Amino acid sequence: MVGEEGAFVLGWDEVLTEEELSVALKVLCMSEEEFKEYKEQDGWEDDSEEEENSTLSNEALSRLKTPCKKLLYDSVLLTLESYGADLKTEQDLLNNKEAYEKLSRREQQALHVRYGQKRILHQLLELVQ
């Protein structure tokens, strides 16, 4: 369901792997009966109207059903826990010119990437609270 990388790709304004996330949320939030029916039908029938309305923009994420929001929220928390430092620590390092300049160029780039990832994840937490 999540493709070759095994992860979902989030941007500032929307989910970039929206189809994968949409299907994963639907399946993971199904009741046992709904899942049995899903398996019997080998997935959903082609519903082009639903597909057109399934764009997972930030606004759409904030309107998800409560079980889906909770699943996303908990998943984001687990992802954030996998990082070695929190968002504030990364921000403090970025703002500390002396400490930042002691980092190698590669470490500086990695810091910027981690900081951006964490900001997107924190934004998602706010959307699904």
Side-chain angles (χ1 to χ4, degrees):
M1 270 189 293
V2 295
E4 293 177 22
E5 297 296 318
F8 302 109
V9 181
L10 306 170
W12 283 111
D13 301 317
E14 64 187 8
V15 176
L16 302 177
T17 54
E18 66 184 69
E19 183 178 344
E20 292 90 346
L21 181 58
S22 181
V23 170
L25 287 174
K26 286 178 185 177
V27 170
L28 293 171
C29 293
M30 285 180 178
S31 68
E32 186 176 342
E33 282 300 313
E34 291 169 326
F35 185 69
K36 284 179 184 175
E37 184 179 322
Y38 173 79
K39 283 178 31 179
E40 288 171 4
Q41 293 179 1
D42 291 326
W44 288 283
E45 295 177 13
D46 188 24
D47 189 356
S48 58
E49 182 178 321
E50 184 178 327
E51 291 297 316
E52 289 175 13
N53 296 324
S54 70
T55 300
L56 288 176
S57 65
N58 287 350
E59 183 181 328
L61 287 170
S62 66
R63 292 190 318 258
L64 288 172
K65 293 179 182 175
T66 301
C68 292
K69 287 169 106 174
K70 172 128 177 62
L71 180 62
L72 274 176
Y73 187 86
D74 292 344
S75 298
V76 170
L77 287 180
L78 284 172
T79 302
L80 286 169
E81 287 175 8
S82 72
Y83 286 97
D86 63 8
L87 182 66
K88 180 164 179 9
T89 302
E90 303 282 27
Q91 188 172 16
D92 290 345
L93 184 54
L94 282 167
N95 292 333
N96 183 335
K97 186 176 180 180
E98 185 178 313
Y100 180 79
E101 289 177 352
K102 288 182 181 178
L103 298 174
S104 70
R105 182 74 181 134
R106 185 177 182 149
E107 290 170 324
Q108 291 173 354
Q109 291 171 338
L111 174 62
H112 284 281
V113 169
R114 284 192 316 271
Y115 180 71
Q117 290 171 341
K118 289 176 188 178
R119 286 189 54 211
I120 290 172
L121 290 170
H122 279 274
Q123 175 182 286
L124 181 56
L125 281 178
E126 290 177 19
L127 291 169
V128 297
Q129 276 185 336

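Just so you know, these numbers use all the heavy atoms, side chains as well, and skip hydrogens, waters and symmetry mates. All figures in this text were calculated on a predicted structure; none of them were measured in a lab.
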| query | Looking just at side-chain N and O atoms, do D86 and T89 make a donor-acceptor pair shorter than 3.5 Å? | reply | yes
| task | Using atom types as modelled and distance alone, determine if a side-chain donor or acceptor of Q108 lies under 3.5 Å from a backbone N or O of Y100. | result | yes
| message | Can you confirm whether V9 sits close enough to V15 that some side-chain heavy atom of one is under 4.5 Å from a side-chain heavy atom of the other? | response | no
| task | Kindly give the heavy-atom pair with the smallest separation between L94 and H112, and that separation in Å. | result | CD2-CE1, 3.5 Å
| query | Do the side chain of E126 and the main chain of Q123 share a donor and acceptor less than 3.5 angstrom apart? | reply | no
| Can you check whether F8's main-chain N or O pairs, donor with acceptor, with T17's side chain at less than 3.5 Å? | no
| message | Could you check whether K36 pairs with E40 (Lys NZ or Arg NE/NH1/NH2 to Asp/Glu carboxylate O, under 4.0 Å)? | response | no
| Given V76, L87, L127, the one that forms side-chain contact (heavy atoms from CB on, under 4.5 Å) with H122 | L87
| message | For the CD atom on E59, are there more than 12 heavy atoms of other groups (residues, nucleotides or ligands in this structure) within a distance under 6.0 Å? | response | no
| Does L16 belong to the same Ile/Leu/Val/Met/Phe/Trp/Tyr cluster as L21, with side-chain heavy atoms less than 4.5 Å apart forming each link? | no
| task | With rounding to the nearest 0.5 Å, note down the distance linking NZ in K69 to CG in L125. | result | 12.5 Å
| Under a 4.5 Å side-chain heavy-atom rule over Ile, Leu, Val, Met, Phe, Trp and Tyr, are L56 and L28 clustered together? | yes
| query | Under 3.5 Å, side chain of E107 to main-chain N/O of S104, donor-acceptor pair present? | reply | yes
| said: Distance check, rounded to the nearest 0.5 Å: S82 atom OG versus L77 atom CG? | reply: 11.0 Å
| field | Polar side-chain atom of K118 near backbone of L80 as donor-acceptor pair, under 3.5 Å | value | no
| Hey, quick one: are V128 and W12 part of the same hydrophobic cluster, counting side-chain heavy atoms closer than 4.5 Å, chains of contacts allowed? | yes
| said: If we ignore hydrogens and angles and just use 3.5 Å, is the side chain of N96 paired with the main-chain N or O of D92 as donor and acceptor? | reply: no
| Judged by atom type as modelled, is there a donor-acceptor pair below 3.5 Å linking the side chain of D13 to the main-chain atoms of N58? | no
| With a 4.5 Å heavy-atom cut-off, do Y38 and K26 have their side chains touching? | no
| request: May I ask whether I120 and L72 are part of the same hydrophobic cluster, defined by side-chain heavy atoms of I, L, V, M, F, W, Y residues being less than 4.5 angstrom apart, directly or through others? | output: yes
| remark: For C68 and C29 the tightest heavy-atom approach is SG-SG, 3.2 Å
| Pairwise side-chain contact, L121 with Y83, heavy-atom cut-off 4.5 Å (strictly under) | yes
| Do V113 and Y115 share a hydrophobic cluster, counting only Ile, Leu, Val, Met, Phe, Trp and Tyr and linking them when any side-chain heavy atoms are less than 4.5 Å apart? | no
| message | Minimum heavy-atom separation for L111 and E90, please, with both atom names. | response | CD1-OE1, 2.7 Å
